[in-house]
Amino acid sequence: MPSMFTNSKDFQINGGQFIVSSNKGEAHSQNGLDLLLKRSTLAARLDSKERNDPARCHPNTRAAVIREVMDWIRSEDPSPSMMWMRGPAGAGKTALAQSIGELCQKEEERVASFFFSRTAVSSNQSDGGTLIPTIAYQLALSYPEAKFLIRRRIEKDPSLLELSNRTIMEKLLIEPFNSWLSVIVCWITATFVFRWMGWSRPRFIVIDGLDECRGEETQCELLKISGRAIQLLPRPFRVLITSRPESHIQRTFEHEETFQIIDLKQIDLGDLNAEQDI
C-alpha cells in the first residue's frame with residue numbers, strides 16, 4: 001500500500017492515531033454466488049420452508065394432466081419447448097405445478113422453480129425483478145460449469161445485478177451456458193462425459209402464477225425473456241408457465257415471434273373436469 005505521506009517533508013506529528021482504510025475492490029472480493037443469493041427469493045422455491053404445506057394434488061387426482069406434463073418433460077426431443085397451463089382461480093394450477101415439480105425431484109430431475117404469490121409473507125414473491133436471479137442461482141447449483149462462470153461474471157461486475165431483466169438473463173444464463181469456457185470447466189469438474197452423454201435430456205423450470213407478478217408489462221416482459229432464453233440455451237429445457245387466462249398474456253403468446261418458433265404446448269384447465277380427470 002502506498003504511504004499516506006508520499007513526497008511530504010518538513011513536518012512533525014505528535015501523538016494522535018491514524019487509521020488508513022481502503023474499500024478498493026471490496027465489492028469485487030465478495031463471492032459472486034453470495035451476491036446472487038441476496039437478490040434471489042428463495043421463499044418462492046418449490047421446496048422453500050416458507051411455503052409451508054403448499055397446495056398439492058390429492059392422490060389419484062389430476063392423473064391425466066400430470067401424465068401429459070410428465071411425458072412432455074421426459075421427452076428427449078432436443079427442441080426448445082414451453083408449456084402454458086392456464087385456468088381460472090381455483091382450477092388447481094399451483095397444486096399441479098407443486099405436484100409435478102416434486103415428482104421430478106423424486107425422479108432426480110434437475111428442477112428450478114419460482115412460485116409467484118401476492119399474498120405470501122415475503123413481498124418479494126410478487127416481484128418480477130427477483131425471478132431471473134432466483135432461477136439463475138438454482139441452475140448455478142445444479143451445473144458446476146455454469147456455477148463457475150456465473151460467479152466470475154458477478155464478481156467482475158456486481159452492478160450487473162442492478163440491470164434490466166433482459167440483461168441479467170443474457171449475462172447470467174444465455175452467455176455462460178453458451179461459452180466455450182463452459183466446456184473447459186465442465187471437463188475440469190469431471191462432468192464432461194455426463195454432459196455429452198446426457199446432452200439431449202431436458203431440464204425442467206416451473207414458473208407458477210405469472211399473473212400474480214406485479215405489473216402486466218413485467219409479466220409480458222418475463223414471458224418474452226423466458227421464451228428467448230430457452231430458444232438460445234444449448235441444453236433442451238422445458239419451461240412450464242402457469243397463470244390465469246389473462247388477455248395480455250394470451251396476446252403475448254399469440255403475437256410474440258419467439259412463440260411462433262419454439263414448441264409451445266397449452267393446457268386449458270377450464271376445459272377439464274378436475275374430479276373426472278383420473
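We count residues from 1, following the sequence as given. Computed from a predicted model, the values in this text were never measured in an experiment.
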Calculate, to the nearest 0.5 Å, the distance between atoms [atom1] and [atom2] belonging to [X] and [Y] respectively.
{"X": "Ile150", "Y": "Leu173", "atom1": "CD1", "atom2": "CG", "result": "5.5 Å"}
{"X": "Ile154", "Y": "Leu36", "atom1": "CD1", "atom2": "CG", "result": "4.5 Å"}
{"X": "Cys104", "Y": "Ile73", "atom1": "SG", "atom2": "CD1", "result": "4.0 Å"}
{"X": "Leu139", "Y": "Lys147", "atom1": "CG", "atom2": "NZ", "result": "13.0 Å"}
{"X": "Met169", "Y": "Leu233", "atom1": "CE", "atom2": "CG", "result": "7.5 Å"}
{"X": "Arg62", "Y": "Leu96", "atom1": "CZ", "atom2": "CG", "result": "5.0 Å"}

task: Could you tell me which residues satisfy side-chain contact (heavy atoms from CB on, under 4.5 Å) with Thr94, sequence neighbours excluded, listed by chain and number?
output: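 Thr94: side-chain contact (heavy atoms from CB on, under 4.5 Å) contacts with Arg51, Phe115, Asp208.
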message: I'd like to check the side-chain contact (heavy atoms from CB on, under 4.5 Å) partners of Gln231; sequence neighbours left out, ordered by chain and number.
response: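 By the side-chain contact (heavy atoms from CB on, under 4.5 Å) rule, Gln231 matches Thr258, Ile261, Ile262.
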Are the side chains of [Y] and [X] in contact, using a 4.5 Å heavy-atom criterion?
{"X": "Ser226", "Y": "Leu223", "value": "no"}
{"X": "Leu37", "Y": "Leu42", "value": "yes"}
{"X": "Met82", "Y": "Gln266", "value": "no"}
{"X": "Pro245", "Y": "Asp268", "value": "no"}
{"X": "Phe204", "Y": "Val239", "value": "no"}
{"X": "Arg238", "Y": "Asp77", "value": "yes"}
{"X": "Leu172", "Y": "Ile132", "value": "no"}
{"X": "Ile207", "Y": "Leu240", "value": "no"}

Under 3.5 Å, side chain of [X] to main-chain N/O of [Y], donor-acceptor pair present?
{"X": "Arg110", "Y": "Ser142", "value": "yes"}
{"X": "Thr41", "Y": "Ala44", "value": "no"}
{"X": "Ser48", "Y": "Glu50", "value": "yes"}
{"X": "Ser113", "Y": "Val206", "value": "no"}
{"X": "Ser99", "Y": "Ala95", "value": "yes"}
{"X": "Thr130", "Y": "Asp127", "value": "yes"}
{"X": "Gln98", "Y": "Leu46", "value": "yes"}
{"X": "Ser243", "Y": "Arg86", "value": "no"}
{"X": "Ser40", "Y": "Pro133", "value": "yes"}
{"X": "Ser75", "Y": "Trp72", "value": "no"}

Pair listing, salt bridge (Lys or Arg N to Asp or Glu O under 4.0 Å) test, anchored in residues 91-104, at least two apart: Arg56-Glu102
- request: Scan residues 160-169 for pairs that pass salt bridge (Lys or Arg N to Asp or Glu O under 4.0 Å), counting only residues two or more places apart or in two chains.
  value: Arg39-Glu162
Over all atoms of both residues, closest heavy-atom pair of [X] and [Y]:
{"X": "Cys213", "Y": "Thr218", "value": "SG-CG2, 3.7 Å"}
{"X": "Gln138", "Y": "Ala112", "value": "OE1-CA, 3.5 Å"}
{"X": "Leu269", "Y": "Gly92", "value": "CD1-C, 4.4 Å"}
{"X": "Ile66", "Y": "Cys57", "value": "CD1-SG, 4.4 Å"}
{"X": "Pro176", "Y": "Leu149", "value": "O-CD1, 3.4 Å"}
{"X": "Phe237", "Y": "Ile230", "value": "CB-CG2, 4.3 Å"}

message: Set out, in order, the CA-CA distance, both residues' side-chain angles and the distance that settles side-chain hydrogen bond (donor to acceptor under 3.5 Å, both in side chains) for Asn165 and Glu221, then state yes or no.
response: CA-CA 8 Å; Asn165 286 323; Glu221 177 198 29; 3.2 Å; yes
task: State which residues pass ring pair (Phe, Tyr, Trp, His ring centres under 6.0 Å) with Phe253; sequence neighbours excluded, sorted by chain then number.
output: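 So Phe253 forms a ring pair (Phe, Tyr, Trp, His ring centres under 6.0 Å) with Trp84, Phe259.
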message: My understanding is that only residues two or more places apart in sequence, or in another chain, count here; which of them pass ring pair (Phe, Tyr, Trp, His ring centres under 6.0 Å) with Tyr137?
response: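 Scan of Tyr137 (ring pair (Phe, Tyr, Trp, His ring centres under 6.0 Å), adjacent residues dropped) gives none.
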query: Would you call Lys265-Glu68 a salt bridge at under 4.0 Å N-O?
result: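 Answer for the salt bridge query: no.
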task: Determine, for Arg251 against Glu256, whether the closest basic-nitrogen to carboxylate-oxygen distance falls under 4.0 angstrom.
output: no
query: Where do Glu109 and Met70 land on the side-chain contact (heavy atoms from CB on, under 4.5 Å) test, with the steps shown first?
result: CA-CA 11 Å; Glu109 293 286 352; Met70 290 304 299; 5.9 Å; no
- prompt: Can you list the steps and then say if Gln250 with Glu254 is a side-chain hydrogen bond (donor to acceptor under 3.5 Å, both in side chains)?
  reply: CA-CA 6 Å; Gln250 180 80 48; Glu254 290 178 351; 2.8 Å; yes
- request: List the steps and the verdict of side-chain contact (heavy atoms from CB on, under 4.5 Å) for His248 and Gln219.
  value: CA-CA 9 Å; His248 59 282; Gln219 294 170 23; 2.6 Å; yes
message: Looking only at side-chain N and O atoms, does Arg214 offer a donor or acceptor that is under 3.5 Å from a partner on Ser126?
response: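 There is such a pair (donor and acceptor under 3.5 Å, judged by atom type) between the side chains of Ser126 and Arg214.
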task: Carefully, step by step, assess Glu175 and Arg153 under the rule salt bridge (charged side-chain N to carboxylate O under 4.0 Å, His left out).
output: CA-CA 10 Å; Glu175 290 183 8; Arg153 184 65 58 86; 2.8 Å; yes
message: Is it true that, when you exclude Glu257 itself, more than 12 heavy atoms of the residues, nucleotides or ligands shown sit nearer than 6.0 Å to its CD?
response: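 Check fails, neighbour count at 12 or below.
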query: Heavy-atom count around Arg152 CZ within 6.0 Å, excluding the residue itself: above 12?
result: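 No, CZ of Arg152 has 12 or fewer neighbouring heavy atoms, counting only those of other groups under 6.0 Å.
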message: Val65 vs Ile267, test: side-chain contact (heavy atoms from CB on, under 4.5 Å). Steps then yes/no.
response: CA-CA 8 Å; Val65 175; Ile267 294 180; 4.2 Å; yes
- request: Determine, stepwise, if the pair Arg74 / Glu107 fulfils salt bridge (charged side-chain N to carboxylate O under 4.0 Å, His left out).
  value: CA-CA 10 Å; Arg74 292 167 179 149; Glu107 296 184 359; 2.4 Å; yes
message: side-chain contact (heavy atoms from CB on, under 4.5 Å), that's the test. Do Ile241 and Met83 meet it? Break it down for me.
response: CA-CA 6 Å; Ile241 307 283; Met83 178 179 286; over 6 Å; no
